[in-house]
Every structure is written in structure tokens, then in C-alpha cells.
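Since the structure comes first, as C-alpha cells, the remarks are kept for the end.
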Amino acid sequence: MLCVCGATQHTQLLAEKDADQIAVDDLTQQAKNASGVMATLIRARRDQIQAEIRAEREFERALNTAISSLLDVIEVTVQSAGPDTILDATDEQLLELLITGGLGDAIDGFITQQQRINEAVSKTLSAVDPQFNMGLIASQVEQLQTQTISDIFEGVIIPTVKTTVRDGLRDLRAAVPLNTVMSNLQTRMNSAQGRQLTEIKTKISQYGRGLTAIAGAAAELDHYLYTGPMDGITRPFCRALVNKVVDERQMRKLNNGQGLAVKTSGGGYNCRHSWSPVTESFIEAAELDQATASDINKANTGGKR
């Protein structure tokens, strides 16, 4: 989940997949070096990242299939009925074309991965507070699941596809040949997909962190351990906080420099770290360090880079 500015889409996605594996390997090693409930918590966080990775990759595959199908439909429709049929299509009609073209499978796959993320979050909370029951927040979890799917489709995919398609087909009104228009449209779709996948990755990670925040609030926990890999690609904001505990007051002071809420977005886009609510007894038993004012300042300074 590494953002490589200025790279090609293929290189960027390859780098992100490398970063994903680095994160999993690093957390696996952290769990081996830890013991007791701390090892359980780290393994649960690793499992959560793995579920998020599977969800991201399933979305990527489904999006490729759906876009390819959509382009085929567009070409046939333009040839038979003219470009206005597509240019005047509503958001609902475009969504239906995408869903029937393959994104319907992505929805089903994401629901499955959401359940795995839920299980990982439950393990994290159980390690900290064995008495906590995830069933107490079932309605909030369902609402968050629905909102996340809506954010991905209605907030990320549909607007981008709609704009890209309509901008591309306007060339037909300038008498540009259809085969040229479709080739250019494919290129535009590929370019837009890189941005879409970054947004989708962030939304999926936000789901896990949002679920954790809901569970922490329900358990009345107001201290959070920042967990995740500590490797060569960890951004400065995260490096200042990994394996340290912050309270609610400190959380409100944190700024990742990307305009995203720290509690649900960590260090920002493509961040591989997360907050684990912890009890004071857990902090003491695991001998965890409370973040200092200096740590908070270092994180905020790193977030502005």
C-alpha cells in the first residue's frame, strides 16, 4: 500500500503489492518476537491487513473485468444508436452496466472480506478485553459496511467512470473515428484506474479502522496503540508513533497532513498502520510506552512532508 508518486500505473501497483507483503512479513516477525496477548494482538492486525489486501486485489480484478465489459457495450451502443445514448445515461444506468459487467462480483467479494476484517478486529478487542462482545455493535457494523460500499461505488468508481466516458465520447462529435476514440478511452480508463484503486484501498483501510473505533468506543476505551510494520517504507508520521499509545486528547492533536481523520486513516492514503484500543491494565502488562508531546510533534512534522 505504498504510494509511488510519478510512477507508471503498473510500476505503482507492483510497488504497492511489494509493500503489502513487506507489511505482512514484518508483522509476522513482530508477533514471533512478542509474547502473550501482545503477540495475539499483532497477529490479529496482520490478519486484518491480509483481509484488506484480498479485498483490494479482488476489486482490482473485478474493476478490470467490468471496465473491459463496459467499453465493449459502449462501442456496440455507439455503433447502433449513436454516442448520445451513452452521453445521456444516468448514474444508475452506468452503475447497472458496471455491476452486470463484473463489479457485482466485487461487491460479493468485498462483503466476504469485510467479515474477515470483522473477525480480525474482534480478535484484537478480545486480546485486550476478553469480555467485549461484538454483537453489541452489530447494527453499527452493518451501517458501516453499507456506507463503505456506497462510498466506493458512488463516491469513487461511478464519478470517475462517468467523467472519463463522457469526456472521451465527446470526441465523436468532432468527427474523430470511433476506433481512435475507443483506443483513447481505454488509455484514459487505465490512467483513471490507478487513482481509483488508491481511493479504494484507502476506503477499505478506513473500514477496518472505523470498525475498531466503534468497538473501542462501545468498550469505553480511550487509549489506542498504534500497530503496524516498522520498515524502510514507513512514512515519518507513522514511524514516530508505531508501538506507542496515545489517548483521546493526543489523538485530537495529530495531523497526518493529508486532510484525513487520523483515527480512521492513520498516516493517510495507503497507510498500513492501525489503532488498537487498549485498557490501562493491558498497557501495564505489555509494558507499552505512552506517546510523549515530542512524539506527537514528530508525527505532525512528518505528516507535513
Should [X] and [Y] count as an ion pair when the cut-off is N to O under 4.0 Å?
X	Y	result
K263	E248	yes
D26	R272	no
D47	R116	no
D222	R249	no

Are [X] and [Y] close enough that some pair of their side-chain heavy atoms sits under 4.5 Å apart?
X	Y	answer
V165	L87	no
W275	T227	no
I137	Q140	yes
Q115	T112	no

I need the minimum non-hydrogen distance between [X] and [Y], along with the two atoms involved.
X	Y	answer
S276	T124	OG-CG2, 3.7 Å
C271	R209	O-NH2, 3.0 Å
A31	I42	N-CG2, 3.8 Å
P277	L221	CB-CD1, 3.7 Å
N256	L260	ND2-O, 3.0 Å
Y226	C238	OH-SG, 3.1 Å

Would you check, one step at a time, whether the test salt bridge (charged side-chain N to carboxylate O under 4.0 Å, His left out) holds for D247 with K253? CA-CA 10 Å; D247 57 32; K253 291 182 178 180; over 6 Å; no
- Task: Give the C-alpha distance, both sets of side-chain angles, the deciding distance and a yes or no for side-chain hydrogen bond (donor to acceptor under 3.5 Å, both in side chains) between Q193 and E60.
- Result: CA-CA 9 Å; Q193 190 184 55; E60 182 181 347; over 6 Å; no
*Give the intermediate values and the outcome of side chain to side chain contact (heavy atoms under 4.5 Å, CB included) for residues M38 and F282.*
CA-CA 9 Å; M38 191 63 190; F282 183 93; 4.1 Å; yes
For residues 145-155, which side-chain donor-acceptor pairs fall under 3.5 Å, sequence neighbours excluded?
unit_1: T146; atom_1: OG1; unit_2: E142; atom_2: O; d: 3.1
unit_1: Q147; atom_1: NE2; unit_2: D151; atom_2: OD1; d: 2.7
unit_1: T148; atom_1: OG1; unit_2: L144; atom_2: O; d: 2.8
unit_1: S150; atom_1: OG; unit_2: E154; atom_2: OE1; d: 3.4

Side-chain donor-acceptor pair under 3.5 Å between [X] and [Y], yes or no?
X	Y	value
S294	T292	no
Q206	T264	no
Y207	N118	yes

Verdict with reasoning, L95 to I157, per side chain to side chain contact (heavy atoms under 4.5 Å, CB included): CA-CA 9 Å; L95 178 59; I157 295 176; over 6 Å; no
State the [atom1]-[atom2] distance between [X] and [Y], to the nearest 0.5 angstrom.
X	Y	atom1	atom2	result
R46	Q30	CZ	CD	11.0 Å
M182	M189	CE	CE	8.0 Å
E75	S80	CD	OG	11.0 Å
R239	D295	CZ	CG	13.5 Å

Donor-acceptor pair, distance only, cut-off 3.5 Å: does the side chain of [X] make one with the backbone of [Y]?
X	Y	answer
S69	T65	no
T164	R188	no
S191	T187	no

Exercise for the section: Applying side chain to side chain contact (heavy atoms under 4.5 Å, CB included), run through Q48 and V121 and close with a yes or a no. Expected result: CA-CA 7 Å; Q48 184 176 334; V121 171; 3.6 Å; yes
Applying ring-ring contact (aromatic ring centres under 6.0 Å, His included) to Y224 and not counting sequence neighbours gives none
inquiry  = Please check if the number of heavy atoms outside Q79 that lie under 6.0 Å from its CD is greater than 12.
reply    = yes
Decide side chain to side chain contact (heavy atoms under 4.5 Å, CB included) for V161 and L98; before the verdict, give the C-alpha distance in whole Å, the side-chain angles of both, and the deciding distance to 0.1 Å. CA-CA 9 Å; V161 169; L98 286 167; 4.2 Å; yes
